[in-house]
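Here the structure comes first, spelled out in C-alpha cells, and everything after it is commentary.
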Amino acid sequence: MLALRLCTVKKTTSVLVRALISQSNGSKSLPDMSEVRSRLRAIVGASTNWRDHVQAMQERKALHTLLAQKQEDLPPKKMKDSYIEVILPLGSQPEIREKYLNVHNSVRFGRILEDLDSLGVLICYTHTKHESHQRSPLSIVTALVDKINLCKKVIYPDCDIKLTGSVSWVGKTSMEVKMHMLQEYDGVYSPVLDATFVMVARDPENKRSAFVNPLIPDGPREEEVFKQGALNKIKRTDFSTASLLKMAPTAEERNIVHNMFLNTLDTRTVSFRSRVLPPNSVWMEDAKLKGLQICHPQERNIFNRIFGGFLMRKAFELGWATACNYGGSRPFIVSVDDIMFQRPVEIGSLLLLSAQVCYTEKNYIQIRVHSEVYDTDTKEHKTTNIFHFTFMSENEVPQIVPKTYGESMLYLDGKRHFNAIMKETREAMNAPAAA
C-alpha cells in the first residue's frame, strides 16, 4: 500500500501558528463548537427558533448603513486579530462522542467538515469585527473549499481535538482562511489536517458584495503566508481557465483518451462501436451512486439557507460509500479540493447528489460528487456544488474506463485533480525543514 501523503502545509505556516498561539491568552478555557455557533447567531442576530428566523433576517436590512463605501474606510487588521482556537472535547466529554463516532470506531470526517465550515466563518467575522457594532452588517458565506489535506489515516474518537485558524489573505471582498486540526495523544497534540477555505462578504441581505478590512502581514513569516494566499488565487484562476468545460484537452490528454479507446476495441470486429472491457477494469457508467436529501429547517445556517457544512457532509458520505463499493474495502480520505459553492440551497429544496468514480491509480480513487437542486414547480435542475474527494483504499483497485466522450472528460478532470494533489505532496516532502 502506498504511504498516506504528508500534510502539505509549509513549515513556515506551522511556525506561524505556534507564534499566534503564543500571543493568545493561554489562561482562558477554549470555546467548543456549540459556543462557536452561538457566537455566529449573536453576530448576525439569528434566532434559534424557525418561526422567528424570518423576522430576524428582515431586521438585518437596517444594517445597510453600517457598510463601508470603500475598503480604505476600514482599519487594517493583523493575522493575530482573527486567530481562534477551539476545542472538540471527545476525550474529556464522552457525552458528545457519539455524534462524531462512525462504525469503524473513528471520527466521522463529515462532522469535521461541518465544524471547519462554522469555524471559518467565525474567523472571518472576527477579522471584520467593529467594536462599536453590536451586530455585523456583513453576510459572510463560504465561497470555496480550496483544499483539505490529511496526514492521519484515523482520527481517534476518544481523544480531544483542537481546531485553530486565522485569516491568511484578504482581497477587496473575499478572505482566505487557513485552519489546522490537531489531536491530543499521550498528552501531546499532533497535526491531523490542514484546510484552506475562501469566504466572501455580502451585504446584510446577501445580495451584493461588501468590503472587508485589509490584512497587514506582520513580519517575514506572515508575509510569506500572505504571498502564498495571493498565489493560491492565481492558481485557482489558471485552473478554472483551463477547465475542460471551456477548453479542449491537451495533446497529451487526447493521446491518453485515444489509447484507452483503442484498448477497449473488440479485435474480432472492424467496428468503432464494439467495445470490450479490459481485465481488472470497470466501466465508468457502472461506478456511481446517487442520493436524495429533503432540506429541512433543522439544517439551516444563520442566513436561513441550508448550511454549507451539511452539504459537504452529505457529499462526502456518498463519495465515501462510492469509494467503498468500488474498492471493496474501507477507504481513507486523503484530500478534499476545489469545492465551489455555485448557488445557495433553499430550505425545502430537493437535493440530488450523484457520486462518480472518475479516476483511479494503484490504490487511489478519485471521486466527483455533483450536487443539484430540483424545483418541483418548474421541473428545472440547477447545479449547486461540485465536490472532489481523493480516497486511498487498503488494496489496489480496478482501473476505471470511460466509454463516451463525456466520461473521458470526467476521467481527464479527475486525473488533473489527482495529479495536482500528488504534485503538492512531492513539493511538501522536498521542502526544507524550518529551523
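Below, all heavy atoms of this structure are taken into account, side chains as well, without hydrogens, waters or symmetry copies.
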Residues which pass side-chain hydrogen bond (donor to acceptor under 3.5 Å, both in side chains) with Ser132, listed by chain and number, not counting sequence neighbours: His130
For Ser240, all residues meeting side-chain hydrogen bond (donor to acceptor under 3.5 Å, both in side chains), sequence neighbours excluded: Lys246
Which residues share a salt bridge (Lys or Arg N to Asp or Glu O under 4.0 Å) with Lys78, sequence neighbours left out: Asp218
Contacts of type side-chain contact (heavy atoms from CB on, under 4.5 Å), residue Arg368, not counting sequence neighbours: Cys358, His370, Ile386, His388, Leu410, Asp413
Qualifying ring pair (Phe, Tyr, Trp, His ring centres under 6.0 Å) pairs, either residue in residues 141-168, two or more places apart: Tyr156-Tyr185
Residues which pass salt bridge (Lys or Arg N to Asp or Glu O under 4.0 Å) with Arg97, listed by chain and number, not counting sequence neighbours: none
Contacts of type side-chain hydrogen bond (donor to acceptor under 3.5 Å, both in side chains), residue Asp81, not counting sequence neighbours: none
Thr384: side-chain contact (heavy atoms from CB on, under 4.5 Å) partners, not counting sequence neighbours: Arg343, Val345, Leu351, Ser371, Val373
Contacts of Thr173 that satisfy side-chain contact (heavy atoms from CB on, under 4.5 Å) - sequence neighbours left out: Ser209, Phe211
Sequence-distant partners of Asp338, side-chain hydrogen bond (donor to acceptor under 3.5 Å, both in side chains), two or more places apart: none
Test side-chain contact (heavy atoms from CB on, under 4.5 Å) applied to Ala323 - qualifying residues, sequence neighbours left out: Pro331, Ile365, Ile367, Phe391
Sequence-distant partners of Glu72, salt bridge (Lys or Arg N to Asp or Glu O under 4.0 Å), two or more places apart: Lys172
